[in-house]
S.K.: 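Below is one structure. I have some questions about it.
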Amino acid sequence: MTAVVTDKNDDRVPTRIEAGIKVKGAARFAAEIPIQGVMHAALVQAPLASARIRHIDASKARAQPGVVSVITHEAMPRLNQGAFLALLREPRVHFAGQPVAVVVAETATHARRAVALINVDYEALPAITSVTQGSSEAFAPKVAGRTSTDSRRGEPEGAMAAAEVTIEKRYTTPTHNHLALEPQCVIAVWDRDGAGVTVHTGSQAVFAHRKAIADGFGLSVGRVRVVSKYLGGGFGSKGSAWLPCLMLGIAAARHVGRPVKLELTRAQMFTLVGRRQETIQTLKLGAMRDGRLVAMTHDTVAQTSSFADYADPVATPTRVLYACPNVATSHRLVRVNAPQPNPMRAPGEGPGSFALESALDELAHVLKMDPLALRLRNYAERDQHVDLPWSSNGLRDCCRVGAQSFGWARRPIAIGTMRDGHHVLGWGMAAACYPVYRMASEAVVRIEANGTVRVRCGTQDMGSGTYTVLAQLAAEALGVPVDGIDVELGDTALPEGPYSGGSMATASFTPAVEAAAGRVRQRLIDLVIEDGESPLHGLSADQLVLSDGYIRAGTGNAAERLADVVARRAPDGIEAFADAAPDAAPRYSSYGYGAIFAEVRVDVDLGEVRVVRLTAAYAAGRILNRRLARSQFIGGIVGGIGMALHETTIMDERLGRIVNDNLADYLIPVHADMPAFDIHMIDEDDPHLAGGIKGIGMLGTVGTAAAIANAVFHATGRRIRDLPIRLEHCL
Ligand code: MOS
């Protein structure tokens with residue numbers, strides 16, 4: 001039986017353990033790390049989308065007071081790295097905004113002023129500035145995210161021809177930018193002998209960055225330390241597409257023989273830290289009159305840069321969410337002289353679910369069927385894509401719980417019937433799934449002689465609650481309060497932890513932390529049992545409980561403080577290491593699920609769309625902290641609201657430049673855009689996943705845009721297939 005965790009906060013659920021120091025400004029983000037004698041770097045960026053650099057005249061800049069060095073491609077070290085880094089050393093411009101030189105100066109102001117004095121002579125070259133322009137050259141990438149580029153089961157063409165009803169539509173999603181609150185920053189400090197480097201940066205993967213830096217500069221990983229204690233978000237942008245700038249900062253520091261800080265501006269975050277790629281998706285559904293899906297095809301064309309390949313796994317939901325014997329999917333890329341895309345919150349599943357869940361709504365409308373009933377009619381009993389049973393699949397629970405709470409049963413099937421003055425209301429829904437990713441993780445748990453418990457794991461906290469859940473896992477195992485636990489993360493000097501991305505961090509480190517904490521617990525129990533001085537001497541392990549910092553007999557009053565046990569019997573503390581890794585050949589397929597229900601209110605005179613309320617129910621394994629999980633789901637949903645109604649990157653196709661590279665013109669949802677949230681979590685017990693965790697960060701973004709677009713259709717009869725939905729679409 002599954003317990004539903006309702007949308008109510010509970011004072012017993014810990015808040016973020018680092019909230020206090022963040023509120024007080026005492027948590028140091030990368031840009032705030034004080035480093036003696038640090039120099040400041042600024043970037044010279046190309047104004048053209050495609051060009052060759054003929055000559056760079058930096059003489060004026062070099063003559064400025066405070067300027068230490070101007071480094072161009074000629075002086076850049078030949079980094080041993082792949083495509084992402086090619087642009088550091090070539091006299092070639094691939095997109096407007098590409099760095100072509102780095103100024104290092106005594107202050108940030110000196111550096112920025114010098115940038116304006118550098119003259120670059122370019123030979124302009126022809127550029128492809130949109131996906132449409134380059135679509136005749138579309139090619140198949142090697143992979144789409146972590147999945148195969150193409151898929152095929154059954155006979156989709158034949159089955160489509162035999163279907164009683166077909167839907168064939170084209171959906172588009174624009175380029176989105178991550179725009180984390182904290183802009184990217186690197187401070188690089190080389191050792192005195194130049195043999196190693198310490199890098200402070202906001203990183204979603206300190207160990208992956210360490211490897212990239214070591215490879216790039218030809219160092220052993222032991223010579224590179226990456227530190228990332230706090231992040232003001234990332235949404236995927238603090239992974240690999242940030243590498244070129246990271247490398248520029250590190251290379252500049254080596255070049256000038258001083259520590260160097262490079263901090264990006266908000267405008268630079270539109271070009272230099274990755275983006276969600278633009279997609280053009282063609283979706284075909286074939287169904288029988290009773291709603292059963294018999295064929296689906298989903299073909300995506302998306303943007304990548306002219307110098308590296310990146311493809312989101314857009315078709316994942318189409319491959320697995322519904323039962324259908326005949327399915328084909330494909331991903332193609334088009335090279336555009338535009339910034340490099342990379343993963344952005346629910347990469348692939350976000351845009352892909354917009355197309356799939358919109359098309360399902362279109363099919364329901366044609367069949368005159370309730371959209372929720374259509375989803376349930378096509379519930380998948382197993383993963384037909386990889387042909388494995390589910391480890392668990394909570395989609396039906398999500399649909400039941402969400403529909404009940406939203407009041408979906410009262411939805412009129414007719415369009416535009418819910419009037420309220422000059423507003424018309426609409427109700428729309430979508431289903432969601434997101435794969436469970438895991439990677440190997442190590443962890444160390446330790447209790448000191450004074451009773452302090454420490455957890456050490458080289459993962460990161462993007463602001464989502466990793467510090468807190470690491471503390472909770474140890475607190476739970478050792479029966480100590482969460483408050484006093486000392487958590488260390490975000491440093492390659494720690495045991496290797498997972499990437500903070502793909503919603504995999506918690507799922508990956510939980511088994512390792514639980515195993516390490518379990519070993520410490522066992523050692524504590526063994527110590528009191530064998531200790532003649534302990535009041536618990538001679539009891540058996542199953543008679544003992546650990547709670548409130550004590551180890552006690554389950555019955556009676558015999559008890560001892562953990563600190564006393566450690567001080568007496570293990571004065572150097574007790575420490576345990578553990579590691580965990582996902583199954584190499586999983587026998588089950590694992591996804592988190594959701595059902596999203598949106599009510600929109602459309603002003604019939606002005607076309608303005610407001611999301612009034614949003615109910616969502618999720619089944620994502622074991623929920624460690626429902627307060628933070630709820631916050632994560634809402635964060636994901638807000639991203640979905642932005643996708644539906646606000647966010648788009650506008651390219652001037654004549655010049656190949658982004659025209660809205662600022663937060664005044666790139667719209668994001670703000671407080672006034674927030675609906676009433678009604679979030680439910682179905683606490684799933686998945687026996688086939690170590691630790692039982694599925695991951696929640698990405699799931700909230702999946703399906704949300706479609707639920708809103710479907711609600712707009714229900715209100716207005718306008719089917720919007722091109723995001724974002726604008727006023728003029730609804731008039
Ligand atoms: Mo994520 S988009 O893998 O941070």
Side-chain angles (χ1 to χ4, degrees), residues 28-47 53 55-79 85 87-91 93 96-122 182-194 196-203 213 216-217 226-227 242-273 661-662:
R28 279 200 176 119
F29 291 77
E32 300 171 320
I33 307 288
I35 303 282
Q36 191 80 45
V38 72
M39 303 278 98
H40 298 262
L43 302 174
V44 180
Q45 293 173 275
I53 298 169
H55 178 66
I56 299 181
D57 178 3
S59 53
K60 264 198 213 137
R62 287 197 171 103
Q64 289 297 302
V67 172
V68 176
S69 186
V70 178
I71 309 159
T72 67
H73 60 91
E74 285 159 357
M76 264 298 149
R78 298 301 185 251
L79 298 178
L85 297 181
L87 51 95
L88 300 186
R89 55 182 190 241
E90 290 178 0
V93 174
Q98 179 185 321
V100 295
V102 187
V103 177
V104 181
E106 300 284 344
T107 70
T109 312
H110 282 114
R112 282 186 193 159
R113 212 178 277 157
V115 163
L117 299 173
I118 293 171
N119 253 314
V120 185
D121 181 17
Y122 296 100
E182 176 208 18
Q184 268 77 353
C185 176
V186 53
I187 301 177
V189 187
W190 284 85
D191 299 344
R192 225 173 272 277
D193 60 2
V197 65
T198 299
V199 175
H200 301 273
T201 185
S203 167
I213 294 163
F217 288 88
V226 179
V227 183
W242 155 240
L243 281 173
C245 286
L246 188 67
M247 298 294 185
L248 284 177
I250 299 167
R254 185 155 81 170
H255 190 84
V256 299
R258 300 272 297 274
V260 165
K261 167 151 116 176
L262 172 63
E263 195 175 1
L264 296 195
T265 63
R266 182 59 64 183
Q268 287 170 337
M269 292 176 71
F270 284 79
T271 48
L272 300 179
V273 303
D661 59 350
N662 60 77

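Predicted model only: the values in this text are computed from it and were never measured. Scope of the values below: all heavy atoms of this structure, side chains included, with no hydrogens, waters or symmetry mates.
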S.K.: May I ask you to check whether over 12 heavy atoms, not counting those of Arg112, lie within 6.0 Å of atom CZ?
M.R.: no

S.K.: Write down the atom of Ala188, the atom of Ile250, and the distance for their closest heavy-atom approach.
M.R.: CB-CA, 3.7 Å

S.K.: Kindly write out the residues that satisfy side chain to side chain donor-acceptor pair (under 3.5 Å) with Glu263, not counting sequence neighbours, or none if the list is empty.
M.R.: none

S.K.: Looking at Arg266, I want to see if its CZ is surrounded by more than 12 non-hydrogen atoms of other residues, nucleotides or ligands under 6.0 Å.
M.R.: yes

S.K.: Got Pro34 and Arg28 here, is their nearest side-chain heavy-atom distance under 4.5 Å?
M.R.: yes

S.K.: Distance check, rounded to the nearest 0.5 Å: Lys261 atom NZ versus Met39 atom CE?
M.R.: 12.0 Å

S.K.: To the nearest 0.5 Å, how far apart are OG1 in Thr107 and CZ in Arg113?
M.R.: 7.5 Å

S.K.: Taking all heavy atoms of Val256 and all of Ser69, pick out the closest pair and write down the distance.
M.R.: CG1-CB, 3.6 Å

S.K.: For Val197 and Phe217, what are the C-alpha separation, side-chain angles and deciding distance, and is it a side chain to side chain contact (heavy atoms under 4.5 Å, CB included)?
M.R.: CA-CA 10 Å; Val197 65; Phe217 288 88; over 6 Å; no

S.K.: First locate atom CG of Leu262, then atom CG of Leu246, and finally report the distance between them rounded to the nearest 0.5 Å.
M.R.: 9.0 Å

S.K.: With sequence neighbours excluded, what pairs up with Phe270 under the ring-ring contact (aromatic ring centres under 6.0 Å, His included) test?
M.R.: Tyr666

S.K.: Determine whether a donor-acceptor pair (N or O, by modelled atom type, separation under 3.5 Å) exists between the side chain of Thr201 and the backbone of Ser203.
M.R.: no

S.K.: Between atom CG of Leu248 and atom CG of Leu243, what is the distance when rounded to the nearest 0.5 Å?
M.R.: 11.0 Å

S.K.: What's the spacing between Ile33 CD1 and His200 NE2 if we round to 0.5 Å?
M.R.: 6.0 Å

S.K.: What's the shortest heavy-atom distance between Ala41 and Val102, and which atoms?
M.R.: CB-CG1, 3.9 Å

S.K.: To the nearest 0.5 Å, tell me how far Arg254 CZ sits from Met247 CE.
M.R.: 11.0 Å

S.K.: Answer yes or no: is there a donor N or O on one side and an acceptor on the other, between the side chain of Asp57 and the main chain of Ser59, under 3.5 Å?
M.R.: yes

S.K.: Does any non-hydrogen side-chain atom of Thr271 lie less than 4.5 Å from one of Asp661?
M.R.: no

S.K.: Decide side chain to side chain contact (heavy atoms under 4.5 Å, CB included) for Val100 and His73; before the verdict, give the C-alpha distance in whole Å, the side-chain angles of both, and the deciding distance to 0.1 Å.
M.R.: CA-CA 7 Å; Val100 295; His73 60 91; over 6 Å; no

S.K.: To check you understand the geometry: which heavy-atom pair defines the closest contact between His110 and Ala105, and what is its length?
M.R.: CB-CB, 3.6 Å

S.K.: Do you know which two heavy atoms are closest between Cys245 and Leu43, and how far apart they sit?
M.R.: SG-CD1, 4.1 Å

S.K.: Quick check: closest heavy atoms across Gln268 and Gln45, and the distance to 0.1 Å?
M.R.: NE2-OE1, 3.1 Å

